[in-house]
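No hydrogens, no waters, no symmetry mates; every other heavy atom, side chains included, goes into these values.
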Amino acid sequence: MTTTTLIAAETAATRSPRRRALPPADLPPRSIAPGPLARVFGVIALVVAMLYFLVPVFWLLVASTKNNTDLTTTFGFWFADWNLDTNYESLMGWTQGLFWRWVGNSILYSVSAGVVGTLVAVMAGYAIAKFTFPGRRIAVGVIMGGLLLPVALLTVPLYIEFHALGLTNTIWAIIIPSAVSPFGVFLGMVFAQSSVPTELLEAARIDGAGEIRIFFTIVLRLLGPAMVTIFLFIFVATWNNFLLPLLMVSSAELKPVTLGLYGMMSYFSPDKGAVMLGALLGVVPLIILFFTLQRYWRSGLTAGAVKG
């Protein structure tokens, strides 16, 4: 019995062809894979892009440890005398202890505008993508036209309107305009067209679900990665916005960090090392946010790239 089993196993082993090693799943097929020259140029392009983004950050890190003299007399991309603690004391002294409040204001404005703007953008994009109503083409045209208008062009009219309403020098003068994002509505429309099946919506309506329940229980779950993408766009745009807070806010307690650092640079003979340290500390929340949400960011971009 044992001999028969061994002979059968050897026969099956000799008859079965040796399986070839399959390529990893993340590699493209050989027919469309790039050649050696294309790979070399691709690696070079990636290295150049990496240096383009990381070198300024490294320079900012080095500059935040120097004083005014070392900034102009030493090599810019390496450290000199360590003045980080002195620069921090100068930063806190010049801002009268308001620097971290400015950072908190920027976080408040960006998070509030990001949450409200993302919800509004997704709702508008979903309505345009999945409903037919009079003026739908006009709405799409207005949104696309809003993408062409620079933000600076709308800042002065917004100031006039908010001044007439008595909302200038308040947090609402920054949050409300920042929460309106034509680009976010456009992304929400694209994501809703590609990620929300019409058959699923019809099945929910047949089961008796209302439109509000469908949106908040089904659509928002399907558009989760897309919402993270839109939130990041609005968050970064609000954080980097300078002209709108400059016109809307006059109180030092309501300034965002960008406006506060601008006031420090406009001072006669500023402590540039302290300003560099403030810029470095002011960008840390953005770095943390991107590292935290990067996987949702990538999946959100991929979700709107292909319509299937």
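Taking CG of L244 as the reference point, atom OG1 of T238 lies at 9.0 Å (rounded to 0.5 Å). To the nearest 0.5 angstrom, F235 atom CZ is 8.5 Å from S106 atom OG. Rounding to the nearest 0.5 Å gives a distance of 6.0 Å between CE of M189 and CD1 of I143. The line from CG of N241 to OG of S110 is 9.5 Å long, rounded to the nearest 0.5 Å. Distance check, rounded to the nearest 0.5 Å: CG of L98 to CD of E253 gives 6.0 Å. The CD1 atom of I218 sits 5.0 Å away from atom CG of L200, with the distance rounded to the nearest 0.5 Å.
If you check the side chains of S90 and D271, you find a donor sitting under 3.5 Å from an acceptor.
Within the structure, the salt bridge (charged side-chain N to carboxylate O under 4.0 Å, His left out) test picks out no pair touching residues 81-99 (sequence neighbours left out).
Between Y262 and F242, the two ring planes are perpendicular [angle over 60°; tilted spans 30° to 60°]. Between Y159 and H163, the ring planes are parallel. Angles under 30° get that label, and only those over 60° would be called perpendicular. Note: F58 and F77 have parallel aromatic rings, judged against thresholds of 30 and 60 degrees for the angle between ring planes.
Counting heavy atoms from C-beta outward, M248 and N169 have side chains that stay 4.5 Å or more apart. Taking the side chain as every heavy atom from C-beta outward, V115 and L119 never approach each other to under 4.5 Å. Annotation: side chain of T73 is in contact with side chain of D70 (closest heavy-atom distance under 4.5 Å). Inter-residue side-chain proximity for F215 and V122 is flagged as met; some heavy-atom pair is nearer than 4.5 Å. When side chains are defined from C-beta on, N83 counts as touching N67, because their heavy atoms get closer than 4.5 Å. A heavy-atom distance below 4.5 Å is not found between the side chains of V116 and I175. Side chains of V151 and L243 form no contact here, defined as non-hydrogen atoms less than 4.5 Å apart. Between P245 and Y109 there is no side-chain heavy-atom pair separated by less than 4.5 Å.
Every residue was checked against the side chain to side chain donor-acceptor pair (under 3.5 Å) condition with T95, not counting sequence neighbours, and none meets it. Remark: T69 engages no residue in a side chain to side chain donor-acceptor pair (under 3.5 Å) (not counting sequence neighbours). Listed by chain and number, the residues in a ring-ring contact (aromatic ring centres under 6.0 Å, His included) with F99 amount to none (sequence neighbours excluded). Applying the side chain to side chain donor-acceptor pair (under 3.5 Å) test to T72 and every residue at least two apart in sequence or in another chain returns nothing. For F131, the side-chain contact (heavy atoms from CB on, under 4.5 Å) test picks out Y126, A127, F133, R205, E211, with sequence neighbours left out.
Under a 3.5 Å cut-off, the side chain of S195 and the backbone N or O of A192 do not form any donor-acceptor pair. When atom types are taken as modelled, the side chain of K130 and the backbone of P197 share no donor-acceptor pair closer than 3.5 angstrom. Remark: the backbone N or O of L259 is not paired with any side-chain donor or acceptor of W102 at under 3.5 angstrom.
Across all non-hydrogen atoms, the minimal contact from M227 to L220 is SD-CD2, 3.7 Å. For the residue pair A80 and T74, the shortest heavy atom distance occurs at CB-CG2, 4.0 Å. Minimum interatomic distance between A113 and S178 (heavy atoms only, all atoms of both residues): CB-CB, 3.7 Å. Scanning both residues, L277 and N87, for their nearest heavy atoms gives CD2-C, 3.8 Å. Between P177 and W172, the closest heavy-atom pair is CD-O, 3.6 Å. Closest approach of G114 to I234, counting heavy atoms only: CA-CG2, 3.7 Å.
By the criterion of side-chain heavy atoms lying less than 4.5 angstrom apart, applied directly or through intervening Ile, Leu, Val, Met, Phe, Trp or Tyr residues, V284 is not grouped with V62; the two fall into different hydrophobic clusters. With hydrophobic clusters built from ILVMFWY side chains whose heavy atoms lie under 4.5 angstrom apart, V120 does not share a cluster with F186. At a threshold of 4.5 Å between side-chain heavy atoms, the hydrophobic network of Ile, Leu, Val, Met, Phe, Trp and Tyr places F79 and L281 in one connected group. Clustering ILVMFWY residues whenever any of their side-chain heavy atoms sit less than 4.5 angstrom apart, transitively, puts V180 in a cluster other than the one holding V140. By the rule that hydrophobic residues join a cluster once side-chain heavy atoms approach within less than 4.5 Å of another member, V103 and V236 end up as members of one cluster.
In this structure, K272 places its NZ atom where only 12 or fewer heavy-atom neighbours from other residues, nucleotides or ligands lie under 6.0 Å away. Counting non-hydrogen atoms of other residues, nucleotides and ligands closer than 6.0 Å to CD1 of I138 gives a total of 12 or fewer. Around atom CG of L54, more than 12 heavy atoms belonging to other residues, nucleotides or ligands sit under 6.0 Å away.
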